[in-house]
Amino acid sequence: SRHYAHLPIVATTRHPYDCLASILQIQQQAITPASIRAAAAQFAAHGGTDFAHLRTHRRLLVLRYENFVADYAPAFDAIAR
């Protein structure tokens, strides 16, 4: 929203393949073309496409889940900067 454009944003992101795999695992779905399409639709509907709208934010810090999941220190260091 334009009301928050001046504020910094910290966004965590995860590789979309990992997100789809997690959705399928949680729902105990077999990997089929139909289940992948359904998982992709769920991913998009629950914020998967929001990141595309943030990419041009001038004060955006992106933290990749794969880079901090085992050790939060790098994420906290990046936020502190």
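For the numbers below, each heavy atom of this structure counts, side chains included, while hydrogens, waters and symmetry mates do not. Bear in mind the structure is a predicted one, so any value in this text is a computation, not a measurement.
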| Steps toward side chain to side chain contact (heavy atoms under 4.5 Å, CB included) verdict (Leu60, Val62) | CA-CA 6 Å; Leu60 174 65; Val62 178; 3.8 Å; yes
| With distance as the sole test, does His57 use its side chain to make a donor-acceptor pair with the main-chain N or O of Leu7 at under 3.5 Å? | yes
| query | Any donor and acceptor pair, going by atom type alone, linking the side chain of Ser35 with main-chain N or O of Gln29 inside 3.5 Å? | reply | no
| What's the shortest heavy-atom distance between Glu66 and Thr13, and which atoms? | OE1-O, 4.1 Å
| message | I need the minimum non-hydrogen distance between Leu24 and Ala39, along with the two atoms involved. | response | CD2-CB, 4.1 Å
| query | Nearest 0.5 Å, what's the CG-CD1 distance between Asp18 and Ile23? | reply | 11.0 Å
| message | Do Ser22 and Arg14 pair up side chain to side chain, a donor and an acceptor below 3.5 Å, judged on atom types alone? | response | yes
| Looking at residues at least two apart in the chain, or sitting in another chain, which of them share a side-chain hydrogen bond (donor to acceptor under 3.5 Å, both in side chains) with Thr12? | none
| query | With Gln27, which residues qualify under side-chain hydrogen bond (donor to acceptor under 3.5 Å, both in side chains), at least two apart? | reply | Gln42
| Side-chain cluster (under 4.5 Å, hydrophobic types only) that Tyr72 belongs to, other residues | Val10, Leu61, Leu63, Tyr65, Phe68, Val69, Phe76, Ile79
| task | Would you confirm whether Arg59, through its side chain, and His6, through its main-chain N or O, come within 3.5 Å as a donor-acceptor pair? | result | yes
| request: Compare every heavy atom of Phe43 with every heavy atom of Leu20, then report the nearest pair and how far apart it is. | output: CD2-CB, 4.0 Å
